[in-house]
Amino acid sequence: MTNPAAPGSAIARSRRESVLRVTLPVLTLAGGALIWELIVRLNAIPAYVLPAPSLVAATLVSDWTILWSSLLVTLATTFQGLALAFAGGVGLALLFNRSRLVEYSLYPYAVILQVTPVVAIAPLLLVYLPQHAAVLACAWIVAFFPVLANTTLGLNSVDRNLVDLFRLYGATRGQILFALKLPAALPYVLGGLRIAGGLALIGAVVAEIAAGSAGAGSGLAYRIAEAGYRLNIPRMFAALLLLSVTGIVIFVLLSALARVLLRRWHESELEPGG
Amino acid sequence: MQPANPAVALRGIGKVFESGVVALDALDLTAGSREFVSVLGPSGCGKSTALRIMAGLTPPTAGNVIWAEGAAPTRRIGFVFQEPTLMPWASVAANVRLPLKLAGMSATDAAPAVGAALARVGLADMAGAYPRELSGGMKMRASIARALVTRPQVLLMDEPFAALDEITRFRLNNDLLSVWQAMAGTVVFVTHSVFESVFLSSRIVVMTPRPGRVYDEIAIEEPYPRDDAFRTSAAYAGYCRRVSGILHAAMAAERVP
């Protein structure tokens, strides 16, 4: 209001800001890789101790067939684990919301499952379950709790007056659930899912590593363990790189999902200045 | 001063909360057909609780709610909360449609009623907007449109304009009177504002502090439609003085140690 030119320059500033937010991390990465490359070359460090980034990239290309098929296995496990975590977390939260007795009976065990390190559970699961089921169970165990906790919070945060309004107009329990509680909890569910996506990957990787030490498996983390035994360090790095990229892609996808679903109405996804 | 043709009545209503607090004690309150009744009282006197009991949202611990023509109807009352209480994920039209949707009506069938209710409160061109895109006054208009969409015979309003600025409140007060005259029904309006109650009401019921009972009531015998000229009239000032006097007496009378 004080300066008529302000809106235009503010847009220009925010555009410059968003360009910086992309270019700066990319430059940091390039600079880091360059320094790494120089250190390896100048000191003639052997590849089995520390491979240069260029060698890691070359390995990524040359080993692509085996890495890609392993990545697909890990991705399948991660998304199955995430889907089960979503279904289990939301389902259990709805059950808790419906019955306090169920909540009191089960909630402590959900917490125990969450706080017990999955690394310690994985070998046991591998003893009792077929390998794929055990890996999936690990991904589920670490991923379902954030969904459960966030959905519970969301269902309990429903505007009391809106609940009264629904009752006033004679809403059925189903109408209250689908037209009120679930939409109100949606931002919380999506927040939980965003955390769960990364955790499902971690759970899958932990279980694959555990399975790998038993000499069986086919996922990307198993490739890391296997390459480690063979001192194939460049492939370890290449597989690690793929895992990181996978984690980033999952996070970006789930964030985009939240943005699409919440853009019109929720504070967390409003356009800046909008 | 009982209305000849009651639309809804509270008879000997008492309410004791689980905490042991006595909110209401033997409250008798009648709202006549086509009457605009304000319930005026200090904060915490139980006037909101009385309104919730009337709406069936809170069960009373004693007494009865008596509706004209028998049992309490769900679709013949509209309720407006102190906050706009809109669903943030739904458009203004979808919010206003809610009572009809809950009654099982399709969006197509509900469209004419939704359009009419929005036009009634001056929001016809905001149907597709989301609540966060509206000002405080517009949100409250949407909330009133939602209460009107079922064509209620009784509109219950719980301090609906308390959070609005004075300019917006004056405009909404003016518009509420034309809404009331168009709906040809009853409004029960809970407020703690003497000025608002005098401007709007055909009758004001003044409550005592907790436990709330009716202390006194006064008819505002000024013709409708009332407009901004009424706000500056000597008659308005006189009524405000009298109602303030009753309110002060009510607060002093029940100061039980």
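A, B, ... follow the sequence lines: proteins, then strands. Residue 1 opens every chain. Any value given below was found using the heavy atoms of this structure, including those in side chains, with hydrogens, waters and symmetry copies removed. Just so we're clear, the structure is a prediction, and the values are computed from it rather than from any experiment.
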**Report entry** Region of A:Asp164 in contact with chain B, defined by heavy-atom distances below 4.5 Å
**Finding:**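 Both backbone and side chain.
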Query raised in the report: Checking A:Leu261 against chain B: side chain, backbone, both or neither under 4.5 Å from a heavy atom?
Result: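 Neither the backbone nor the side chain of A:Leu261 comes within 4.5 Å of chain B.
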Could you tell me whether [X] atom [atom1] has more than 12 heavy atoms of other residues or ligands within 6.0 Å of it?
X        : atom1 : result
A:Phe86  : CZ    : no
B:Ile167 : CD1   : no
B:Arg171 : CZ    : no

Considering all heavy atoms, the nearest [X]-[Y] contact:
X        : Y        : value
B:Ala55  : A:Leu168 : O-CD1, 3.4 Å
B:Trp89  : A:Leu180 : CH2-O, 3.6 Å
A:Ala179 : B:Met87  : O-SD, 4.2 Å
B:Leu57  : A:Arg167 : O-NH2, 3.2 Å
B:Gly78  : A:Tyr169 : CA-OH, 4.0 Å
B:Glu83  : A:Asn161 : OE1-ND2, 2.9 Å

Sort [X] into side chain, backbone, both or neither according to what part of it lies under 4.5 angstrom from a heavy atom of chain A.
X       : answer
B:Gln82 : neither
B:Phe79 : both
B:Leu98 : side chain
B:Arg52 : side chain

Query - Pairwise distance CG(B:Leu102) to CD1(A:Ile176) - rounded to 0.5 angstrom - result: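 One finds 8.5 Å between CG of B:Leu102 and CD1 of A:Ile176.
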Query - Any donor-acceptor N/O pair, B:Arg132 side chain to A:His266 backbone, under 3.5 Å - result: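 Not a single qualifying donor-acceptor pair exists.
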